[in-house]
Amino acid sequence: MKFGIMVNEGPYTHEASDTAYLFAKAALEKGHQIHRVFFYHDGVNNATRLTEPPQDDRNIVARWSKLAAENQVDLVVCVAAALRRGIRDENLAEGFRISGLGQLIESGIQADRLVVFGD
Amino acid sequence: MKFGIMVNEGPYTHEASDTAYLFAKAALEKGHQIHRVFFYHDGVNNATRLTEPPQDDRNIVARWSKLAAENQVDLVVCVAAALRRGIRDENLAEGFRISGLGQLIESGIQADRLVVFGD
Amino acid sequence: MLHTVNKSPMERNTLERCLQYAKKGSAILLIEDGVYGALKGTTVTDKVRKAMKDVTIYALYPDIEARGMQDRAIDGIKLVDYGGFVDLVAEHRNVQSWL
Amino acid sequence: MLHTVNKSPMERNTLERCLQYAKKGSAILLIEDGVYGALKGTTVTDKVRKAMKDVTIYALYPDIEARGMQDRAIDGIKLVDYGGFVDLVAEHRNVQSWL
Amino acid sequence: MSETTGGVEMQEDVSGVVKKFLYVNRKAPYGTIYALESLEVVLIAAAFDQDVSLVFLDDGVYQLVKGQHTKTIDVKNFSPTYRALEGYDIEKLYVEKESLAARGLTPEDLIVPVTLLSAAEMSDLMDGQDIVLSF
Amino acid sequence: MSETTGGVEMQEDVSGVVKKFLYVNRKAPYGTIYALESLEVVLIAAAFDQDVSLVFLDDGVYQLVKGQHTKTIDVKNFSPTYRALEGYDIEKLYVEKESLAARGLTPEDLIVPVTLLSAAEMSDLMDGQDIVLSF
C-alpha cells in the first residue's frame with residue numbers, strides 16, 4: 001500500500017515528528033511504500049541541517065535524511081511555511097526538497113492513505 | 001521598573017511571540033526598562049535571520065532586531081535549545097546573542113518582574 | 001498576584017485551574033485565545049461570573065477585537081491594552097502564566 | 001474509519017469529542033499523550049470503558065511504556081506497536097487525526 | 001495568499017481521480033497559525049478539481065466570526081478570505097451546531113453562509129471521506 | 001545534561017540577592033519537550049544559590065511516574081534526573097494531591113519523595129514567590 005504522511009510539528013518540541021518517523025519506518029519494514037512525507041506548519045523545522053542535538057539524544061533531522069536515502073522517500077518541505085520560519089536551500093538538510101502545497105494535495109490523491117501527525 | 005521577558009514559542013506559529021513583543025514595546029513606551037528578553041524552547045526560532053514572511057505580514061524577527069537596536073534590549077537565545085533546533089551564529093539575526101540558561105536565572109534575579117510568554 | 005491565561009476555556013482546563021488557584025483579591029488577565037473566557041453566552045460564562053466575586057478579571061482588548069468579540073465581554077470584566085497589561089504586571093508582586 | 005487521539009484527556013477536550021464522533025464499529029487509536037486516556041483509575045476511565053461497547057480502542061504500547069504505565073491499561077484496550085499502527089491505517093478506509 | 005502552487009504542474013499524473021477531501025478546523029484563529037495555514041492549503045486544493053469540504057467544530061467555529069479587527073495585534077486579518085472561497089468553487093462549508101451553541105453564537109454571527117450540521121451528521125460526513133486533513 | 005552554564009560567570013553581579021523561584025510543571029513528559037527543558041533550567045538554576053521550589057500539578061505529575069521505558073520511542077528517559085536533584089540541593093518538590101488522585105496515582109508511584117499539597121496550599125506557596133516560571 002502507498003502511504004502519504006503529513007508532519008506538522010517541529011522536531012524535539014512535539015512527539016508528532018517522532019511518531020511520524022517511527023510510523024514511516026514500520027510501514028517500510030512491512031513492505032509498504034511511503035509516497036511522500038510532507039512537512040507543514042512547524043514541521044518544516046525537521047529539515048534544518050543546522051540542528052545539533054545533545055550527543056545522547058536522537059538526531060531527528062539526520063534520521064529523516066537516512067530514511068530518504070535508503071528508501072527513496074520523497075521529503076517535501078512546504079515553501080510558504082518554510083519561508084515564514086527561516087528554512088531555505090542554504091540550511092536545508094540532505095534528502096529534503098522545498099516545494100509547494102500542491103505536493104500535499106497530490107500526495108492525498110496518489111497515495112492510498114494520508115496520515116496527519118500534528119499537535 | 002526593570003522587566004525580564006521569557007519567550008517560549010516560535011514566531012508566527014503561536015501568538016506568544018507577538019504578545020511578548022507588544023508587551024515589551026508598551027513597557028518601553030511607559031518608560032520601563034527591558035532588562036533582557038530570553039528565548040527558550042521554540043522561542044529560539046524568533047532569532048533566525050533566514051525568515052521571509054509574506055509581504056503583507058509582519059516581520060517578527062526584524063521587529064525584535066529593531067527593538068533591540070533602538071532600546072538597547074539584550075536579546076538572548078538559549079544555546080542548548082538553539083542547537084537542538086538549528087539556530088546558530090550563521091543564521092542568527094542582528095541584535096540577538098546566543099548564551100546559556102544562566103542568563104535567564106540572572107534576569108529573574110536582576111529584574112523586578114519576569115513575565116513568561118508561552119504555550 | 002497576577003495570573004495570565006492564554007488558552008481557550010472551551011478546549012483546555014487552564015482557565016478552570018487558574019480560577020481554583022487565584023486567591024481572593026488577586027487578578028486574572030485573559031490574553032490570546034484566553035479571551036474566549038471573557039465572553040457572554042458561553043458554557044463557561046457562569047463559572048467566570050462567579051469567580052468575579054473574589055477576583056478581578058481583566059481581558060486584553062486587542063485580542064478580543066482581533067477575534068471579532070468587541071461587544072461580547074461579560075459586564076464587569078476590565079478591558080486593557082498592552083500598556084494596561086504592563087501596569088498590571090508592575091502593580092503585582094509576581095506573575096504566574098498559566099500555559 | 002480510524003480515529004487517532006494524541007492529547008491527554010485530563011487537559012483537553014479532544015478524546016471526549018472523538019468519542020462522540022466515533023461511529024459504532026469504528027476504531028480509535030490512542031498515541032503520544034493520548035495514551036493517558038487508556039488507563040485505569042483516572043477520572044476519564046469510566047467514559048472510555050463505556051465507549052468500548054461500541055468502538056474498539058487501541059493504544060500505542062511504546063507510548064504507554066515510555067510513560068511508565070505498563071500495567072495500567074484498561075482491560076480490553078488493545079495494545080499495538082508501530083507496525084500495528086500501520087496495519088490499522090491500512091485496514092481502514094480513512095483516518096481522522098484529532099489534533 | 002500563498003507564494004506558490006508548486007506541484008500543480010504535475011496534475012497530469014492525477015487527472016481523472018476525484019477524491020473526497022475533508023478539511024477539519026478545530027482551532028481558534030490568531031492564538032496559533034493553524035487556521036491561517038489551513039486556509040492556505042484549501043486555496044491550493046481548489047486547483048486540483050477534487051471534492052472539497054470544510055468543517056468547523058469546537059474552537060474552529062471562531063475562525064468564521066464577523067467583525068475581526070486585527071490591527072492592534074499587528075497580525076493580518078485573514079477572515080475575508082473565507083468569503084473568497086466561493087470564487088474558487090469551494091462551497092461546502094459545514095459548521096457544527098453544538099459548537100456554535102456552546103459559544104453563544106448563531107449563523108448570523110458568521111462571515112459566510114454555512115450549512116449547520118449536528119455532531120451526528122458531521123460524523124456521517126467525516127466517515128464518507130477519502131482524505132481527512134486536520135488542523 | 002546541558003551544554004553550558006553560560007551566565008554563571010556573572011554571578012558576582014547578583015551575589016547576595018536570594019529570590020524565591022518557583023518552577024511550575026503542568027505538562028506530561030515526551031508528548032512535548034517542556035518537561036525536559038524545564039528540568040534543564042532547574043539544573044542550571046541550582047548554581048545560583050536561590051531559593052528554588054518545584055511544583056507538579058495537572059499532567060505535570062506524570063513527569064515523576066516510576067518505570068518509564070523510552071527505548072521503543074527512541075527518546076531519552078530523563079526521569080532519573082529528578083532523583084539527581086537532591087545532589088544539587090534542590091529538595092523542595094511539591095505535588096498537588098488532587099492532580100495525583102484524578103490520575104489514580106499515589107506517592108508510591110513516583111520516582112522521588114515529594115511533599116503533597118492540596119490545591120489551596122499550593123496556591124499559598126505560589127503566592128509567596130518572587131519569580132514563577134511556568135512550563
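Letters go in sequence order (proteins before strands), and every chain restarts at 1.
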Which heavy-atom pair separates Arg85(B) from Thr51(A) by the least distance, and what is that distance? N-OG1, 4.3 Å
Rounded to the nearest 0.5 Å, the CG atom of Asp119(B) sits from the CG atom of Asp119(A) at a distance of 7.0 Å
If I compare all heavy atoms of Arg49(A) with all of Arg88(B), which pair ends up nearest, and what's the gap? O-NH2, 4.2 Å
Residue among Asn46(A), Thr13(A), Asn91(A), Ile87(A) with most heavy-atom pairs under 4.5 Å to chain B: Thr13(A)
For Lys2(A), does the NZ atom have more than 12 heavy-atom neighbours from other residues, nucleotides or ligands under 6.0 Å away? yes
Interface moiety of Asp57(B) toward chain A, non-hydrogen atoms closer than 4.5 Å: side chain
Rounded distance (nearest 0.5 Å) linking atom CG of Leu83(B) with atom CG of Leu50(A): 10.0 Å
Can you confirm whether Arg84(A) sits close enough to Glu52(B) that some side-chain heavy atom of one is under 4.5 Å from a side-chain heavy atom of the other? no
Looking at chain A, which one of Asn59(B), Val61(B), Asp42(B) has the largest number of heavy-atom pairs inside 4.5 Å, strictly under? Asp42(B)
